[in-house]
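Just so it is clear, the structure is predicted and the values come from calculations on it, not from any experiment. Per chain, numbering begins at 1; letters A, B, ... match sequence-line order.
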Protein chains: 2
Amino acid sequence: MNDLLERLRARGWRMTSQRRVVAEVLAGDHVHLTADEVHARAVARLPEIARATVYNTLGELVALGEVVELSTDGRAKRYDPNAHRPHQHLVCSGCGIIRDVHPTGDPLDVLPPAERFGFTVSKADVTYRGLCPACV
Amino acid sequence: MNDLLERLRARGWRMTSQRRVVAEVLAGDHVHLTADEVHARAVARLPEIARATVYNTLGELVALGEVVELSTDGRAKRYDPNAHRPHQHLVCSGCGIIRDVHPTGDPLDVLPPAERFGFTVSKADVTYRGLCPACV
DNA sequence: ATCCTACGATGGACGTAGTCCAAGTCAAGA
DNA sequence: TCTTGACTTGGACTACGTCCATCGTAGGAT
């Protein structure tokens, strides 16, 4: 988490209290928060922080590759701070909880050239869906 | 496409001109339209059709499993009428065009039991991302 | 330690996607 | 042909996100 702040500073970020708080919220318990949830937690530490600032900061973190943006349902985007270890997501169709999972092999390998239609394919996002133990 | 109307009738659907038009739009050229695009095309055939009706009908088609809902970006959901042949999607990060693709094997097979955390996993949605030939 | 200034924060208006609901309409069975 | 409840309508409303003019401040320069 502090190394995140280090990396940001190294990239020329002006270190404001708002950005620090957003980074801390994300680095806290590793869950997949929506922008408004991040804002709510940030407000607890820095009451004046604006919603637009949270959106801006999240967008910058995504652009820098420090955070991954997920849209697993059609609802609000969620932000995944675990950007440096490749992984996929397992989503409960009942309650919406998201877990990071690690399938074996590279999902790109199973897409044959004939199925690529001339695209330069660079990544594969996999969303496994099912019911969690609490929602059976 | 007519068989779609048959199946809907068999399920007890009251066959209205609105529903017929929405089904026809989806069954037309097989692209992945947003709800508002479906509405625009429906209006061309039936000028009075309301946006809410298109949303309702699309929702019902999804619930019946006749159409698949996609949210590949954080934008509007897209509707895929090709629901009866399992497939995945290849999305161009440049222009957003979507192609149906068929990877080899079942993507569920590569998620080991230890990575399922007690979930009853029922499906895997894979989104391959890259650049299409026109966007290189 | 103080000053400067460009980068960042603010908050309120705005935009887009989608949902809700009360009232009216009509498909299809009697 | 009549009846009825399922379906449609359109406008208000909500959720999520973006934009922008103005203000504030981090951090380099002095």
Checklist entry - Will you find, in the side chains of D125(A) and H89(A), an N or O donor that is under 3.5 Å from an N or O acceptor? => result no

Checklist entry - Can you check whether H30(A) reaches N82(A) side chain to side chain, under 4.5 Å on heavy atoms? => result yes

Checklist outcome for this item: Nucleotide by nucleotide, nucleotides 16-22 of chain C touches protein heavy atoms under 4.0 Å in the pattern (B base, S sugar-phosphate only, - none) -SBBB--

Checklist entry - So, the side chain of E66(B) versus the backbone of L61(B): is there a donor-acceptor pair under 3.5 Å, distance only? => result no

Checklist entry - If you walk 5' to 3' along DNA chain D, what is the first nucleotide with an atom under 4.0 Å of a heavy atom in chain A, and what is the last? => result dA15(D) to dG27(D)

Checklist entry - Does a side-chain heavy-atom distance below 4.5 Å link V136(A) with L131(A)? => result no

Checklist entry - Between T34(A) and R78(A), is there a donor-acceptor pair closer than 3.5 Å when you use the side chain of the first and the backbone of the second? => result no

Checklist entry - What does nucleotides 23-30 of chain C look like as a protein-contact string, B for base, S for sugar-phosphate only, - for none, at under 4.0 angstrom between heavy atoms? => result ---BBS--

Checklist entry - Side chain of R99(A), backbone of F119(B): donor and acceptor closer than 3.5 Å? => result no

Checklist entry - Taking DNA chain D as the partner, which of residues 57-71 of chain B come within under 4.0 angstrom of it by heavy atom? => result none

Item to check | Option passing side-chain contact (heavy atoms from CB on, under 4.5 Å) with H32(A) (candidates V68(A), D100(A), I97(A), T72(A)) | outcome: D100(A)

Report, one line per pair, each donor and acceptor closer than 3.5 Å where one atom sits in a side chain of residues 40-50 of chain B; sequence neighbours left out.
| unit_1 | atom_1 | unit_2 | atom_2 | d |
| --- | --- | --- | --- | --- |
| R41(B) | NH1 | D29(B) | OD2 | 3.2 |
| R45(B) | NH1 | E24(B) | OE1 | 2.8 |

Item to check | Remaining members of the apolar cluster that contains Y55(A), side-chain heavy atoms under 4.5 Å | outcome: none

Checklist entry - Counting only N and O atoms by type, is there a donor-acceptor contact under 3.5 Å from the side chain of R51(B) to the main-chain atoms of D36(B)? => result no

Checklist entry - Nearest heavy-atom pair of P112(B) and R116(B): which atoms, and what distance? => result O-CG, 3.4 Å

Checklist entry - Does some side-chain heavy atom of D80(B) sit less than 4.5 Å from a side-chain heavy atom of H87(B)? => result yes

